[in-house]
Amino acid sequence: MLASRHSRSIILILVIFVLAWLPMTKAQDKGSNKVSVDKSEDAKVAEEPEDSSKSSDGKSQSSVNSIHNLMEELRLANKQRKWSETIYTEEGWKMHGTSVKGRPLIYFTCGDRNENTTLMLSAVHGDEITPVYFGFRLVSWLKGEPDLCRDYRVVVAPLVNPDGYLRKKESRVNENGVDLNRNFPTRDFDELATKLWKTKFKSDPRRNPGTQGGSEPETQFQEWLINEFHPKKILTVHSPLNFFDYDGPEEDELRQFTKEYVESCKLLRAAVKKQASDYNFLNYGFFPGSLGNYAGKERGIPTMTLELPTVDASKAKTYFERLKKGTRELVVYKVKDPTTYSKSGSSPK
Ligand SMILES: [Zn+2]
């Protein structure tokens, strides 16, 4: 009896001891394994907050990115411009991706007939003020032209470089310091872009092509617009050089584009010229990574670069009014179908 009670207490003590000891060994086990699993465990711990911050970033980004916020920012910037705020209405915009700083990259489409699409881009360089007005005013003008939109499709991206434009001091380049008209992934980019920038442009930070063609979200946005809408002609609006430049399929590239197509594109240039007689039409040439090179030369899409005469905001309205006819001419002009290529040529896509 006594012995059994004694042995029972021994068992009880043993049980208590084992119970107390078990978690200790578990902890020790963990400790002893620590060396081998430490890295992955730490990595997991490190990953988790990063993941959750990503998702919360995503949320905060989407609010930052909202078109409403962008328009608010634009209205605020408008205080010094004194342009009519009606150009910053919030209806009708679509967005595709965001800028480096997370602002929405917006565009507007008028019409859905896709056989004769015109793409218009403005404010690729953020310190060129007058094109910003031109792009937004163009959209408000198109909204009042239902006939035009019934017969033709026009796609307008009025603010390709929102970060450059909405900086305290506007900048030509984007938030990463890259010139968005030198960053297209043209065939000569790898070989020439950096080389030319360093030699001819003496590493001018305003003309930095970036380290890789198509590296910037705002460049990708322009590429996407071209690939998505297959424009038959492109107008890109800059300032203040006061001319029209044209890049398109050339005679010496007849291996790729038919003669009829090349001529038809040149006639487009002539038709716009007739309606925009204030401007000099010249051949400015193109650069590695430029839109004229990417769209005009390589893809054979007639690409017109309009350089408004100044960056003076007070003149923006006049510039637009003067170019209405030329713009309409560009929209309605029917470029010959480029789909019939000569045997050795490849499709420009
Ligand atoms: Zn420019």
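Counting convention: from 1, in listed order, for ligands and their atoms alike.
The aromatic rings of Phe320 and Phe134 lie perpendicular to each other, with more than 60° between the two planes, well past the 30° mark. Using cut-offs of 30° and 60° for the angle between ring planes, the Phe221 and His96 rings count as parallel.
Of all protein atoms, those that are N, O or S and lie under 2.8 Å from the Zn ion (ligand 1) total 4.
Taking the six-membered ring for Trp and the full ring otherwise, the centers of Trp224 and Tyr107 sit less than 6.0 Å from each other.
Here the side chains of Phe244 and Glu307 are not in contact, with every heavy-atom distance at 4.5 Å or above.
Interatomic distance, Glu170 CD to Asp127 CG, rounded to the nearest 0.5 Å: 7.5 Å.
Checked by atom type and distance alone, the side chain of Asn78 never pairs as donor or acceptor with a backbone atom of Leu74 at under 3.5 Å.
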